[in-house]
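Below is one structure, written out as structure tokens, with a few remarks after it.
Naming: A, B, ... by sequence-line order, numbering from 1 per chain.
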Protein chains: 2
Amino acid sequence: MVRTVKKQTRQEKLRAMLNDNPFITDGALADILEVSIQTVRLDRQTMGIPELRARVQEVAEGAAAKLKSLSGPELVGELLDLELGIRGISLLEVTGEMVFAKTGVARGHHLFAQANSLAVALIDAEVALTGTAQIRFKRPVLLGEKVIARAVVNSGKGQRFVVTVTSSVKDEEVFAGEFMVFAKGSEGEQWDAYSS
Amino acid sequence: MVRTVKKQTRQEKLRAMLNDNPFITDGALADILEVSIQTVRLDRQTMGIPELRARVQEVAEGAAAKLKSLSGPELVGELLDLELGIRGISLLEVTGEMVFAKTGVARGHHLFAQANSLAVALIDAEVALTGTAQIRFKRPVLLGEKVIARAVVNSGKGQRFVVTVTSSVKDEEVFAGEFMVFAKGSEGEQWDAYSS
DNA sequence: CTACTATTAGTACCAGGTACTAATATATAA
DNA sequence: TTATATATTAGTACCTGGTACTAATAGTAG
């Protein structure tokens, strides 16, 4: 059966094509694969691949959700506990986009982002910005692991706060950082002190 | 004309609704706003708002692109120059998703991510991971500004490298960091030294 | 030659629209 | 009060990108 081979390879191509570009109509697929539109539809259906509009929606929803969780909110991770000006806890699950493809190890800046945003969120002020930080990655964090960051405000004189954050996976410390965070009332105060 | 007022407020509502949820049909909008579907369509057209399917596509494409640029590549920002093991330069333009909505100031972890990923990319090894870092945010970076990060490998003994990164906006330094980066051959070597 | 698989064709239908025409309020000015 | 302009609603023809189904045709294996 030559047919079966043709069919299989075509379906593999189809899957590959839709994989790298989900925004393509059955008609276009039919043209490229040089089969009829019905064949494409049959293939899609036997393979359980939804229609264009559904695919676009999936991408839109998924991507929008990820965008929100990555860069939308002021906080990276999910806030579990917060006492303004005192301490806070957040949870971050390491997803595929956060890791190096080669190793499955989370890129450092995601852990940093979780810790930093938690430190900033802790400060009870109109506006708070990180001035300096000393950080330490103690162990690589892997895809799928859940990182719990615990932040504590150590000292706060006026507009200047020191927040320490320790992040752990199942009680094993993976990250530690000390953040100097500056609070700003509302307007005007110069940023000269910012870097000090 | 009471009508005009009604129309205006309705259109404002419409815009707001579509703003926080673009995935809604004209029919649903008509139900909520208690007008006919034609009125919703007229409103959309006079306001230049595209139909549902086009909106979904926009979100899908835009979000997919942003996802790629935010978390897809190993490097945050655009690589301008790279001499493996020696130095590198990258450019990051501050977009809306990177800033605090209230102030328009870039959240620190984006600058960190640019610097960190550049430092790691600089290391000529199979795998490289950040161990520790001291960083300093010297001036807030605002929406739309272009941040150029320059990284230099200062010393490298075996698997351990010190990379300094300074980021600037138009020759004004906004960020400085010193990264201790660990290189790993391929497999096996223990992570014990990782945090040292 | 027959049975079976793969492919193609065609039709009716659907959602969520566009584009257009026309009828019906509603209010405002003359 | 009436003419006029604006706002709203109704209705129709048509479009894209499909689903779901039926039927015809081509090619292959036994």
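- The ring pair (Phe, Tyr, Trp, His ring centres under 6.0 Å) check on A:F161 picks up nothing, with sequence neighbours excluded.
- Phosphate proximity of D:dG17 to A:R41: absent, as no side-chain N or O sits under 4.0 Å from OP1 or OP2.
- Checking C:dT7, D:dA10, C:dT8 against the side-chain heavy atoms of B:Q38 singles out D:dA10 as nearest.
- A:Q57 has its CD atom 16 Å from the P atom of D:dG17, to the nearest Å.
- Look at NZ on B:K7: it is 16 Å from P on C:dT26, rounded to the nearest Å.
- In this structure, CG in A:N116 is found 7.5 Å from NE2 in B:H109, a value given to the nearest 0.5 Å.
- A distance of 4.0 Å separates CD of B:E173 from NZ of B:K138, quoted to the nearest 0.5 Å.
- Sorted by residue number, the members of residues 25-37 of chain B with any non-hydrogen atom under 4.0 Å from DNA chain D read B:V35, B:S36.
- Look at A:R87 and A:D81 and you find a salt bridge, because one of the NZ, NE, NH1 or NH2 atoms lies within 4.0 Å of a carboxylate O, short of that distance.
- Because its NZ or CZ atom is not both nearer than 6.0 Å to the ring centre of A:F175 and within 45° of the ring axis, A:R136 does not count as a cation-pi partner of that residue.
- Rounded to whole Å, atom C1' of D:dT19 lies 14 Å from atom CZ of A:R55.
- Ring geometry for A:F112 against B:F112 counts as parallel: the plane angle stays under 30°, on a 0 to 90° scale with 60° as the upper cut.
- Using a cut-off of 4.0 Å between Lys/Arg side-chain N and Asp/Glu carboxylate O, B:E51 and B:R53 are scored as salt-bridged.
- Residue side chain B:R53 does not reach the base of C:dG17 through any donor-acceptor N/O pair under 3.5 Å, judged by distance alone.
- Computed from coordinates, the A:L42 CG to D:dA23 P distance equals 16 Å when rounded to whole Å.
- Between atom CD of residue B:E178 and atom OG1 of residue B:T164 there is a gap of 7.0 Å, rounded to the nearest 0.5 Å.
- Distances shorter than 4.0 Å separate some side-chain N or O of B:R10 from OP1 or OP2 on D:dT8.
- Of the candidates D:dT8, C:dT8, D:dA10, D:dT8 carries the atom nearest the B:T39 side chain, counting heavy atoms from C-beta on.
- Residues from residues 43-50 of chain B lying near DNA chain D, meaning a heavy-atom separation below 4.0 Å, are absent.
- Across B:R10, B:K13, B:R15, B:Q38, a single residue satisfies side chain to side chain donor-acceptor pair (under 3.5 Å) together with B:D43, and that is B:R10.
- Side-chain proximity of B:E51 to C:dG17, C:dA9, D:dT8: nearest is C:dG17.
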